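Keep in mind it's a predicted model, so treat the numbers as computed, not measured. Position 1 is the first residue of the sequence, and the numbers go up from there.
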Amino acid sequence: MPFKKKIVEASNSVVHFLECHEDNFIDLWEKSILLHDGDIHQQKVRENGYKMYDLVKRALRNTISEGEMKQLAEKVAKERMEAEINIGEFVYNNNVGRSIVVSYVFQSGLSRNDLQLIIDKVNTYFDHFCFLVVSEYTSLKENEKC
(Lines give C-alpha, C1' and ligand atoms only; values in the text may rest on other atoms or scores of the structure.)
Protein backbone atom coordinates (compact mmCIF):
# COMPACT_ATOMS: atom_id res chain seq x y z
CA MET A 1 0.00 0.00 0.00
CA PRO A 2 1.37 3.44 -0.90
CA PHE A 3 2.68 5.44 2.05
CA LYS A 4 0.26 8.35 1.66
CA LYS A 5 -2.78 6.07 1.61
CA LYS A 6 -1.46 4.20 4.65
CA ILE A 7 -1.02 7.36 6.72
CA VAL A 8 -4.49 8.60 5.73
CA GLU A 9 -6.04 5.30 6.82
CA ALA A 10 -4.09 5.32 10.09
CA SER A 11 -5.08 8.94 10.76
CA ASN A 12 -8.75 8.21 10.06
CA SER A 13 -8.64 5.20 12.35
CA VAL A 14 -7.16 7.24 15.21
CA VAL A 15 -9.60 10.10 14.67
CA HIS A 16 -12.50 7.64 14.86
CA PHE A 17 -11.06 6.24 18.11
CA LEU A 18 -10.62 9.76 19.52
CA GLU A 19 -14.19 10.66 18.60
CA CYS A 20 -15.48 7.60 20.44
CA HIS A 21 -13.57 8.66 23.57
CA GLU A 22 -14.10 12.42 23.42
CA ASP A 23 -16.03 12.80 26.67
CA ASN A 24 -13.53 10.62 28.52
CA PHE A 25 -10.67 12.73 27.20
CA ILE A 26 -12.21 16.02 28.31
CA ASP A 27 -13.07 14.61 31.76
CA LEU A 28 -9.58 13.15 32.27
CA TRP A 29 -7.91 16.30 31.00
CA GLU A 30 -9.99 18.53 33.29
CA LYS A 31 -9.08 16.38 36.31
CA SER A 32 -5.37 16.54 35.44
CA ILE A 33 -4.77 20.20 34.60
CA LEU A 34 -3.67 23.08 36.76
CA LEU A 35 -6.41 25.64 37.28
CA HIS A 36 -6.40 28.48 39.80
CA ASP A 37 -9.59 29.41 41.60
CA GLY A 38 -8.97 33.06 40.76
CA ASP A 39 -8.76 32.41 37.01
CA ILE A 40 -11.36 34.74 35.48
CA HIS A 41 -11.59 32.48 32.43
CA GLN A 42 -12.09 29.21 34.32
CA GLN A 43 -15.36 28.52 32.51
CA LYS A 44 -13.57 28.71 29.14
CA VAL A 45 -10.98 26.06 30.00
CA ARG A 46 -13.24 23.11 29.12
CA GLU A 47 -14.34 24.88 25.94
CA ASN A 48 -10.71 25.50 24.95
CA GLY A 49 -9.80 21.89 25.79
CA TYR A 50 -12.60 20.68 23.54
CA LYS A 51 -11.50 23.04 20.74
CA MET A 52 -7.94 21.79 21.09
CA TYR A 53 -9.11 18.17 20.93
CA ASP A 54 -11.12 19.00 17.80
CA LEU A 55 -8.13 20.74 16.23
CA VAL A 56 -5.94 17.68 16.93
CA LYS A 57 -8.44 15.48 15.10
CA ARG A 58 -8.54 17.93 12.21
CA ALA A 59 -4.74 18.16 12.17
CA LEU A 60 -4.55 14.38 11.86
CA ARG A 61 -6.90 14.58 8.88
CA ASN A 62 -4.96 17.56 7.44
CA THR A 63 -8.14 19.66 7.41
CA ILE A 64 -6.96 22.56 9.56
CA SER A 65 -5.39 25.78 8.42
CA GLU A 66 -2.56 27.65 10.05
CA GLY A 67 -4.99 30.55 10.47
CA GLU A 68 -7.39 28.46 12.56
CA MET A 69 -4.56 27.29 14.80
CA LYS A 70 -3.30 30.83 15.16
CA GLN A 71 -6.79 32.14 15.95
CA LEU A 72 -7.24 29.70 18.85
CA ALA A 73 -3.68 30.36 20.02
CA GLU A 74 -4.34 34.10 20.12
CA LYS A 75 -7.59 33.56 22.05
CA VAL A 76 -5.89 31.32 24.61
CA ALA A 77 -2.91 33.68 25.00
CA LYS A 78 -5.22 36.66 25.57
CA GLU A 79 -7.25 34.75 28.17
CA ARG A 80 -4.10 33.62 29.99
CA MET A 81 -2.82 37.17 30.09
CA GLU A 82 -6.16 38.60 31.26
CA ALA A 83 -6.30 35.96 33.99
CA GLU A 84 -2.79 37.01 35.06
CA ILE A 85 -1.71 33.38 35.01
CA ASN A 86 1.88 32.30 34.45
CA ILE A 87 2.20 30.97 30.89
CA GLY A 88 3.89 27.89 32.36
CA GLU A 89 0.45 26.75 33.54
CA PHE A 90 -0.77 26.73 29.93
CA VAL A 91 2.33 24.83 28.81
CA TYR A 92 1.72 22.23 31.52
CA ASN A 93 -1.96 21.86 30.60
CA ASN A 94 -1.08 21.63 26.91
CA ASN A 95 1.38 18.84 27.68
CA VAL A 96 -1.21 17.02 29.81
CA GLY A 97 -3.51 17.08 26.78
CA ARG A 98 -0.73 15.77 24.56
CA SER A 99 0.02 12.92 26.97
CA ILE A 100 -3.62 11.87 27.07
CA VAL A 101 -3.97 12.02 23.27
CA VAL A 102 -0.78 9.96 22.84
CA SER A 103 -2.13 7.44 25.35
CA TYR A 104 -5.32 7.19 23.32
CA VAL A 105 -3.31 6.74 20.11
CA PHE A 106 -1.56 3.76 21.73
CA GLN A 107 -4.95 2.30 22.65
CA SER A 108 -6.33 2.73 19.12
CA GLY A 109 -5.02 -0.61 17.83
CA LEU A 110 -2.63 0.71 15.18
CA SER A 111 0.48 -1.18 14.12
CA ARG A 112 3.82 -0.10 15.60
CA ASN A 113 4.90 1.65 12.37
CA ASP A 114 1.60 3.51 12.06
CA LEU A 115 1.74 4.49 15.72
CA GLN A 116 5.04 6.29 15.22
CA LEU A 117 3.73 8.27 12.27
CA ILE A 118 0.64 9.40 14.15
CA ILE A 119 2.49 10.20 17.38
CA ASP A 120 4.97 12.29 15.40
CA LYS A 121 2.05 14.24 13.90
CA VAL A 122 0.43 14.72 17.31
CA ASN A 123 3.69 15.91 18.87
CA THR A 124 4.37 18.31 16.00
CA TYR A 125 0.89 19.76 16.31
CA PHE A 126 1.06 20.25 20.10
CA ASP A 127 4.56 21.75 19.85
CA HIS A 128 3.47 24.18 17.16
CA PHE A 129 0.32 25.20 19.03
CA CYS A 130 2.29 25.74 22.24
CA PHE A 131 4.80 27.86 20.32
CA LEU A 132 1.99 29.99 18.85
CA VAL A 133 0.35 30.56 22.26
CA VAL A 134 3.59 31.38 24.10
CA SER A 135 4.73 33.69 21.28
CA GLU A 136 1.42 35.57 21.33
CA TYR A 137 1.41 35.72 25.14
CA THR A 138 4.94 37.14 25.12
CA SER A 139 3.98 39.70 22.51
CA LEU A 140 0.94 40.78 24.54
CA LYS A 141 3.05 41.07 27.71
CA GLU A 142 5.67 43.15 25.91
CA ASN A 143 2.99 45.47 24.50
CA GLU A 144 1.50 45.81 27.99
CA LYS A 145 4.78 47.27 29.25
CA CYS A 146 4.68 50.12 26.71
Side-chain angles (χ1 to χ4, degrees), residues 1-37 39 41-142:
M1 177 183 315
F3 178 77
K4 187 172 183 167
K5 185 176 180 183
K6 186 174 178 144
I7 189 69
V8 167
E9 286 181 9
S11 294
N12 287 336
S13 176
V14 168
V15 169
H16 176 72
F17 188 85
L18 292 174
E19 287 172 343
C20 290
H21 294 86
E22 193 166 284
D23 289 337
N24 293 341
F25 168 83
I26 298 297
D27 290 341
L28 181 57
W29 180 74
E30 268 190 317
K31 291 175 187 170
S32 304
I33 62 172
L34 298 175
L35 189 59
H36 287 94
D37 290 334
D39 187 336
H41 292 296
Q42 248 183 14
Q43 73 282 2
K44 294 180 183 177
V45 171
R46 183 177 178 91
E47 174 188 325
N48 289 341
Y50 175 80
K51 286 180 181 178
M52 181 72 174
Y53 195 70
D54 184 57
L55 293 181
V56 168
K57 294 184 298 184
R58 292 183 56 215
L60 287 171
R61 286 191 169 141
N62 294 319
T63 60
I64 186 169
S65 71
E66 177 73 15
E68 290 172 295
M69 276 181 44
K70 191 165 175 66
Q71 185 178 12
L72 180 59
E74 289 170 353
K75 176 186 181 298
V76 169
K78 184 178 179 209
E79 289 169 4
R80 297 300 81 210
M81 194 182 105
E82 289 171 351
E84 298 180 3
I85 301 296
N86 184 306
I87 196 64
E89 185 176 294
F90 159 78
V91 173
Y92 176 83
N93 294 342
N94 183 70
N95 287 335
V96 166
R98 174 203 320 254
S99 295
I100 296 169
V101 169
V102 167
S103 173
Y104 278 33
V105 171
F106 275 111
Q107 297 172 43
S108 69
L110 291 181
S111 72
R112 183 179 175 107
N113 289 339
D114 291 344
L115 281 173
Q116 189 59 57
L117 295 171
I118 299 300
I119 289 171
D120 287 347
K121 262 181 120 169
V122 168
N123 282 330
T124 298
Y125 172 74
F126 272 93
D127 289 342
H128 186 60
F129 185 74
C130 189
F131 170 78
L132 291 173
V133 172
V134 171
S135 294
E136 179 65 17
Y137 180 90
T138 301
S139 178
L140 291 170
K141 283 298 226 185
E142 287 172 355

Derivation of the side chain to side chain donor-acceptor pair (under 3.5 Å) call for E142 and T138: CA-CA 6 Å; E142 287 172 355; T138 301; 6.0 Å; no
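- Side chains of D114 and K6 form a contact here, defined as non-hydrogen atoms less than 4.5 Å apart.
- Side-chain contact between L18 and L60 is present, with heavy atoms from C-beta onward closer than 4.5 Å.
- Applying the side-chain contact (heavy atoms from CB on, under 4.5 Å) criterion to T63, with sequence neighbours excluded, gives R58, R61.
- For S32, the side-chain contact (heavy atoms from CB on, under 4.5 Å) partners at least two apart in sequence or on another chain are L28, V96.
- Legend: salt bridge (Lys or Arg N to Asp or Glu O under 4.0 Å) pairs involving residues 98-113, not counting sequence neighbours, sorted by first then second residue: R98-D127.
- Here the closest non-hydrogen pair linking D39 and A83 is OD1-CB, 3.2 Å.
- Of all heavy-atom pairs between V14 and S108, the closest is CG2-OG, 3.7 Å.
- Remark: D120 pairs with Q116 by the side chain to side chain donor-acceptor pair (under 3.5 Å) rule, at least two apart or across chains.
- Among residues two or more places apart in sequence or in another chain, the side chain to side chain donor-acceptor pair (under 3.5 Å) test is passed with K75 by N48, E79.
- In this structure, the side chains of L140 and E136 come closer than 4.5 Å at one or more pairs of heavy atoms.
- Among residues two or more places apart in sequence or in another chain, the side chain to side chain donor-acceptor pair (under 3.5 Å) test is passed with S99 by none.
- Atom CG of D23 sits about 9.0 Å away from atom OH of Y50, to the nearest 0.5 Å.
- With values rounded to the nearest 0.5 angstrom, R80 atom CZ is found 11.5 Å from K141 atom NZ.
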Is there a side-chain contact (heavy atoms from CB on, under 4.5 Å) between L34 and I85 once you walk through the steps? CA-CA 11 Å; L34 298 175; I85 301 296; over 6 Å; no
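- Taking each heavy atom of L72 and M52 in turn, the nearest pair found is CD2-N, 4.2 Å.
- Among residues at least two apart or in separate chains, there is no ring-ring contact (aromatic ring centres under 6.0 Å, His included) pair with a member in residues 110-141.
- The salt bridge (Lys or Arg N to Asp or Glu O under 4.0 Å) test applied to K57 returns E22, not counting sequence neighbours.
- Note: E47 CD to H41 NE2 = 11.0 Å, rounded to the nearest 0.5 Å.
- Listed by first then second residue, pairs satisfying side chain to side chain donor-acceptor pair (under 3.5 Å) with a partner in residues 83-94 read H36-E89, not counting sequence neighbours.
- Put simply, the side chain of I7 reaches to within 4.5 Å of the side chain of I118, judged on heavy atoms.
- K70 pairs by the side chain to side chain donor-acceptor pair (under 3.5 Å) definition with nothing, not counting sequence neighbours.
- When the ring pair (Phe, Tyr, Trp, His ring centres under 6.0 Å) test is applied to Y53, the partners found at least two apart in sequence or on another chain are F25.
- The ring pair (Phe, Tyr, Trp, His ring centres under 6.0 Å) search around F17 returns H21, not counting sequence neighbours.
- Minimum heavy-atom separation, L132 to A73: CB-CB, 3.5 Å.
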